[in-house]
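Structure first, then comments.
What you see is a predicted model, and the numbers here were worked out from it, not measured in a lab. Throughout, protein chains are lettered first and strands after them, A, B, ... in sequence-line order, and every chain is numbered starting at 1.
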There are 2 protein chains.
Amino acid sequence: MNAKAILQEHVARITPLSNEQFDYFFSHFTPQSYKKGETIIAPGKAVGHEYFVLHGCLKSFYRTDQGKMFILQFAMPTWWASDYEALYNGTRATTTVDCVTAAEVLRLSGADREKLCREVHAVESFFRWRTNRGYVAAQKRLLSFMHHDARQRYEELLQLYPQLYNVVPKQLIAAYLGVSRETLSRLYQP
Amino acid sequence: MNAKAILQEHVARITPLSNEQFDYFFSHFTPQSYKKGETIIAPGKAVGHEYFVLHGCLKSFYRTDQGKMFILQFAMPTWWASDYEALYNGTRATTTVDCVTAAEVLRLSGADREKLCREVHAVESFFRWRTNRGYVAAQKRLLSFMHHDARQRYEELLQLYPQLYNVVPKQLIAAYLGVSRETLSRLYQP
DNA sequence: GTAGTTTTGTGATGTAGGTCACAATATCAG
DNA sequence: CTGATATTGTGACCTACATCACAAAACTAC
């Protein structure tokens with residue numbers, strides 16, 4: 001399935017767009033390819049775009065001064081990623097987005113997203129829905145952090161991203177769970 | 001300042017609505033008063049509305065089987081609260097929303113919100129913006145949970161809700177921070 | 001006011017998970 | 001295939017925070 005069809009199916013699941021509307025919508029996206037390990041958004045830099053994943057896997061994360069990494073999200077195909085705080089507020093990135101595996105994405109600029117939202121009501125509706133899902137997911141994860149221990153969060157992660165287990169280094173799983181890699185290593189066989 | 005003026009100022013800060021548009025928007029809200037401790041949304045029940053706080057303070061929280069409480073949000077004046085997962089998906093509430101203090105709110109039904117979003121493009125734009133802020137805030141709190149200890153989170157909370165300290169029992173502060181009340185008590189004077 | 005309930009402080013003790021160190025594997029480039 | 005690099009497993013020890021228990025305040029309702 002090609003890029004256009006993947007995006008179209010993703011959008012149509014939420015908001016019906018006419019073919020003309022979708023063509024117009026799609027014309028604002030730019031395809032990009034990245035190699036494994038490439039950085040798409042770097043902390044301290046301006047953030048102009050968000051990214052819709054077609055193939056591969058991205059991660060967005062925060063790195064502390066001591067070099068510790070905390071993963072906010074893995075972005076699998078049909079997921080979106082960016083530093084949304086920076087993108088919306090026009091501030092510099094505080095997080096990094098890079099490639100866990102080689103990836104193909106569609107890039108949309110923040111300015112074009114706002115323009116599309118203004119011009120096409122259904123597009124704004126789509127983005128409202130999408131952000132909403134993200135909000136609810138973030139709250140659930142927050143709750144999980146508050147009342148589940150590392151092992152429970154690990155099991156939730158496998159539910160949420162079943163494909164992930166074989167694809168990404170365990171270090172990254174640990175960074176998503178918010179535990180040390182040593183602790184994660186001890187979780188799966190006592 | 002009356003209810004209408006408070007809401008109007010809040011909305012105008014994000015999205016300019018004409019007076020006619022705002023009157024129409026406002027006509028879908030119902031004022032409600034609650035006493036301290038009253039429950040607005042209860043787990044297991046259907047959720048039909050969201051709530052805009054005019055005066056007082058609400059909290060939304062999750063309670064575990066063991067009776068532990070974890071606070072997702074304190075809702076101060078001009079904040080919104082509901083069980084958004086339930087409201088959007090039409091499922092039963094998994095969280096509780098109740099009153100930390102006596103409160104006055106404006107109530108909007110989920111159905112009316114969707115109707116307004118369909119009818120008035122600027123309203124949809126407002127709600128997209130609002131959810132976005134919530135999403136970014138939830139991600140920041142998530143990060144804070146991952147790499148800050150209890151004392152640091154406590155200091156962040158005082159930044160975010162300076163008024164809160166004198167208004168709500170410390171137990172609730174602890175439930176927001178995700179620590180036991182004993183630990184919180186030991187934090188502020190080592 | 002006084003009695004009852006709720007909220008807070010403080011000590012003693014237990015535990016999940018962090019940190020450091022080093023060995024055992026994978027993975028990758030040439 | 002071979003050395004170099006990155007990733008994992010495992011032990012020893014440490015620390016932040018939970019839990020339990022009980023005392024001291026602080027609100028509430030008569």
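Of the candidate nucleotides D:dT8, C:dG18, D:dA18, D:dT8 has the atom nearest to the side chain of A:Arg181. Checking D:dC17, D:dG11, D:dT7 against the side-chain heavy atoms of A:Arg186 singles out D:dG11 as nearest. Taking every side-chain heavy atom of B:Glu182 into account, D:dT19 is the closest of C:dT7, D:dA18, D:dT19. Here D:dG9 is the nucleotide among D:dG9, C:dG18, C:dT8 with the atom lying nearest to any side-chain atom of A:Ser185. Between D:dT19, C:dA16, C:dG18, one nucleotide has an atom nearer to the side chain of B:Ser180 than all others, and that is D:dT19. Nearest to the side-chain atoms of B:Asp149 among the listed nucleotides D:dA21, D:dA16, D:dG9 stands D:dA16.
For the pair B:Leu184 and A:Lys68, nearest-nucleotide mapping onto DNA chain C gives the more 5' position to B:Leu184.
Atoms CD1 (B:Ile173) and P (C:dT7) sit 13 Å apart, rounded to a whole Å. Protein atom CE of B:Met69 is 17 Å distant from nucleotide atom C1' of D:dA18, rounded to whole Å. Separating the OH atom of B:Tyr154 from the C1' atom of D:dC17 is a distance of 17 Å, rounded to the nearest angstrom. One interatomic measurement links the two molecules: NE2 of A:His147 to C1' of C:dA16, which rounds to 17 Å at whole-angstrom precision. Whole-Å rounding puts the A:Arg153 CZ to C:dA16 C1' distance at 11 Å. Atom NZ in B:Lys36 sits roughly 13 Å away from atom C1' in C:dT5 (whole-Å rounding). Atom pair B:Lys35:NZ and D:dA29:P shows a separation of 11 Å (rounding to whole Å applied). Counting to the nearest Å, the P atom of C:dG18 and the CD atom of A:Gln66 are 15 Å from each other.
Aromatic pair A:His10/A:Phe126: ring centres closer than 6.0 Å.
Regarding contacts with the backbone of D:dG9, every side-chain N or O of A:Lys170 stays at 4.0 angstrom or more from both OP1 and OP2.
Paired with B:Phe74 under the rule ring pair (Phe, Tyr, Trp, His ring centres under 6.0 Å), one option of B:Trp79, B:Phe61, B:Tyr161 passes, and it is B:Tyr161.
Atoms CD and OG, from A:Gln73 and A:Ser60 in turn, are 5.0 Å apart once rounded to the nearest 0.5 Å. Between the CD atom in A:Glu124 and the OG1 atom in A:Thr15 there is a gap of 11.0 Å [rounded to 0.5 Å].
At the heavy-atom level, A:Gly178 lies under 4.0 Å from the strands shown only through sugar-phosphate atoms.
Between A:Glu9 and A:Lys4, no side-chain nitrogen of the basic residue sits less than 4.0 Å from a carboxylate oxygen of the acidic one, so the salt-bridge criterion is not met.
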